2 protein chains.
Amino acid sequence: MQGISGQTIKRLPLYLTYLKTRKTDETYVSSTTISEDLRLNPVLVRKDLACVMTGKPKVGFLREDLIAALEEYLGYNRLDSAIIVGAGKLGRALLDYPGFDAYGIEVIAAFDISGDDRTSARPVLGIDKLDDIVKRMHIKIAILTVPAPNAQDVAKSLEASGIEAILNFAPVHLSLGESVIVKNVNLATELAGLAKSLAEAKEKSNEPKESRDH
Amino acid sequence: MQGISGQTIKRLPLYLTYLKTRKTDETYVSSTTISEDLRLNPVLVRKDLACVMTGKPKVGFLREDLIAALEEYLGYNRLDSAIIVGAGKLGRALLDYPGFDAYGIEVIAAFDISGDDRTSARPVLGIDKLDDIVKRMHIKIAILTVPAPNAQDVAKSLEASGIEAILNFAPVHLSLGESVIVKNVNLATELAGLAKSLAEAKEKSNEPKESRDH
DNA sequence: TTAATATCGATAAAATAATATCGATAAAAT
DNA sequence: ATTTTATCGATATTATTTTATCGATATTAA
C-alpha cells in the first residue's frame, strides 16, 4: 500500500552514506549533483528522495534535513539490540565492528560453544546462556556466523528461542518458519560476483566487434 | 547481447549453495523441488536455470552437472588472485575466511600500515610493498577494509597500482575512474535493513485493518 | 503398445521499475 | 520588473522482470 519499491529502499542507504561522507559546507544538495557523483539517473534519484522528503525547486534538498529524513525513514534512530552467534574470526570481527552503533544497532554479545571470554569490549558467552538472555532481553535479531555445517541446527534453536530475524553469513540455505526473516550475506559470492563482472568487462573490451551498443 | 538479467545472476549463487548444501543421494533435482524449498516461483527457477544448462523433461536436472554448470557460469573455476587492504579485525577475519577458496578466489595476502606480520597462515605485509606485488603478480582484485576516512585515498592508490575491481567494506562512496568496478558491502546497512524489515513485518501484523492484500 | 503423468521450454500477459518529457517554481541577473 | 536558469514534481513512455499458460517430451505403468 505504501508502495515504496524494494529497489528504492536498497538505494536509500547509498544516498545516506554519500551525504554523510561528502565533506562540504553547502547547506543544499541538488538531486542532479547526487546523481552525477553516484552515476545514477537524476530522475531516479529525485523519485527516490521524494519518497522520504520534499525538496525546494531551484535550490534542492536541505542537506541536514535530508540526512535526518533518510535516517528516520530507514529506522536508524530506533535502537535495536542484536546478538552474534558463532564467535569465530568473523563473529569476533563483527562483535567489535564499529559501524553498527552508527546505524542504531546495538550488538549485546556473542555466543559460542567455546564458552565465556570477556577479553574484548563486548563479552563472548557460552551458547548455553543464549536462550535465557534472548528471552529475558526480548532480542529479535541475530547475526549468524557459525560454520556452515552447524548453521541450520543453530538457526532452528534461535527460532525456538524467539529470534525473528537472522543475518546469515553461513553459505547455506536456512529452512525456517515463514515468520522468520532471513537475510543472506555470502562474502564469497560477493567477491566471486565481482570477479565475474571484471572478467565480463574485459571480454567486452577485447571483442568490440560483437558490440553494437546503440 | 547475452541478455541475462541482473536479477537472475543474483539468484544463481543461491541455487548453487542450495544444491551444494542439500544433503541428498538423488541424482536428479527438479525445478519444482527447488522452487518449493527456496520459496520461489517454479517458472522463475526454470527460466534461471535454463540460462545455465538444459534439463530433461520428466526427470529434471542432473544434480552434479547443474552444480558444475553453475560454477562454470559464475566463473568459480577460474582461479583469481585477490588482496586485502587494511588488516584490522575485519580484514584479518577475511584473510582467514575459508569460503573464498571454495569459490576459486585465492587471497594472497593482506596489507596494512602497521607493517609485516606473519603469525597467521597468510601474511600481513606493509602497505609499502603493495604496489610492487600487485604489479608483479598482476593482481586485479582488492578487498578494501580500511577505516572509512582512509578509504578514498587508499582506493585511489590501488587504482594507480593497477587494481581494477574493489570489494569495498568501508561505508563511503568511492570516486574512481570509470574503468574500476566497485562493489559495496555495508554490513551495517545490511543489518539495519533487516531490522527495518522486521519492524515493517510487525507493523503489518499489528494493523491488519489496513491490509486488503488481495 | 498405449495411456497417464510429471516436467521442461517457449510464448504471452501482467506487474514492476527505469527513463524521458513537460510544466511549475523560485532564485539570480539584466 | 522581466527574463533567464536551475531544479523539483508529475505524467507518460519504455524496458525489465515476474508470472501464467500451453504444448512437447520422456518415463512409468497397464
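None of these values were measured; they are calculated from a predicted model. In the text below, chain A, chain B and the rest are named by the order of the sequence lines, each starting its count at 1.
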Practice task
Specify the separation, in whole Å, of atom CZ of B:Arg39 and atom P of D:dT18.
Solution key: 18 Å

Practice task
Compare the minimum distances between each of C:dC8, C:dA20, D:dC8 and the side chain of A:Pro57, then state the nucleotide with the smallest one.
Solution key: D:dC8

Handout entry: Electrostatic pair B:Lys183:A:Glu190 at N-O distance under 4.0 angstrom
Key = yes

Practice task
Please state how far atom OH in B:Tyr28 lies from atom P in C:dA6, giving the value in whole angstrom units.
Solution key: 18 Å

Exercise for the section: May I ask you to say whether A:Lys89 pairs ionically with A:Asp96, meaning some side-chain N is under 4.0 Å from a carboxylate O? Expected result: no

Practice task
State the pairing partner of C:dT30; accept Watson-Crick or G-U wobble contacts with both distances under 3.5 Å, and report none otherwise.
Solution key: D:dA1

Practice task
Mind running a 4.0 Å heavy-atom check of residues 42-50 of chain B against DNA chain C and sending the residues that fall below it, in number order?
Solution key: B:Arg46

Problem - Earlier contact from the 5' end, DNA chain C, for A:Lys56 and A:Leu40 - result: A:Leu40

Problem - Base-pairing assignment for C:dA6 (Watson-Crick or G-U wobble, both under 3.5 Å) - result: D:dT25

Handout entry: Nearest-angstrom distance from the residue atom NZ of A:Lys58 to C1' of C:dA26
Key = 8 Å

Exercise for the section: Kindly say if B:Ser30 contacts the phosphate of C:dC8, meaning a side-chain N or O under 4.0 Å from OP1 or OP2. Expected result: no

Exercise for the section: Take the protein atom CD1 of A:Ile9 and the nucleotide atom C1' of C:dA17, then report the distance between them rounded to whole Å. Expected result: 14 Å

Handout entry: Of the listed nucleotides C:dT7, C:dA18, C:dT19, the one nearest the side chain of A:Arg11
Key = C:dA18

Problem - For B:Ile141 against B:Ser81, the heavy-atom pair lying closest together - result: CB-O, 4.0 Å

Practice task
Please state how far atom CE in A:Met53 lies from atom C1' in D:dT7, giving the value in whole angstrom units.
Solution key: 14 Å

Exercise for the section: Could you check whether A:Thr32 gets within reach of a base, just the sugar-phosphate, or nothing at all, counting any heavy atom under 4.0 Å? Expected result: sugar-phosphate

Exercise for the section: Please step through side-chain hydrogen bond (donor to acceptor under 3.5 Å, both in side chains) for the pair B:Ser30 and B:Thr33, ending with a clear verdict. Expected result: CA-CA 5 Å; B:Ser30 76; B:Thr33 314; 2.6 Å; yes

Problem - Base-pairing mate for D:dT17 - Watson-Crick or G-U, with both contacts under 3.5 Å - result: C:dA14

Fill in the blank from the handout: CZ of A:Arg11 to NZ of A:Lys47, rounded to nearest 0.5 Å, is 8.5 Å

Exercise for the section: Respond yes when some side-chain nitrogen or oxygen of B:Ser31 is under 4.0 Å from OP1 or OP2 of C:dC8, and no when none is. Expected result: yes

Exercise for the section: Would you mind classifying the nucleic acid contact of B:Thr8 as base, sugar-phosphate or nothing, using non-hydrogen atoms under 4.0 angstrom? Expected result: nothing

Practice task
Write down the distance between CD (A:Glu26) and C1' (D:dA6), rounded to a whole number of angstrom.
Solution key: 15 Å

Fill in the blank from the handout: Residues B:Pro171 and A:Thr21: closest non-hydrogen pair is O-CG2, 3.6 Å

Handout entry: Salt bridge B:Arg122-B:Glu106, side-chain N to carboxylate O under 4.0 Å
Key = no

Completion exercise
To the nearest angstrom, the CG-C1' distance between B:Leu62 and D:dA26 comes to 15 Å

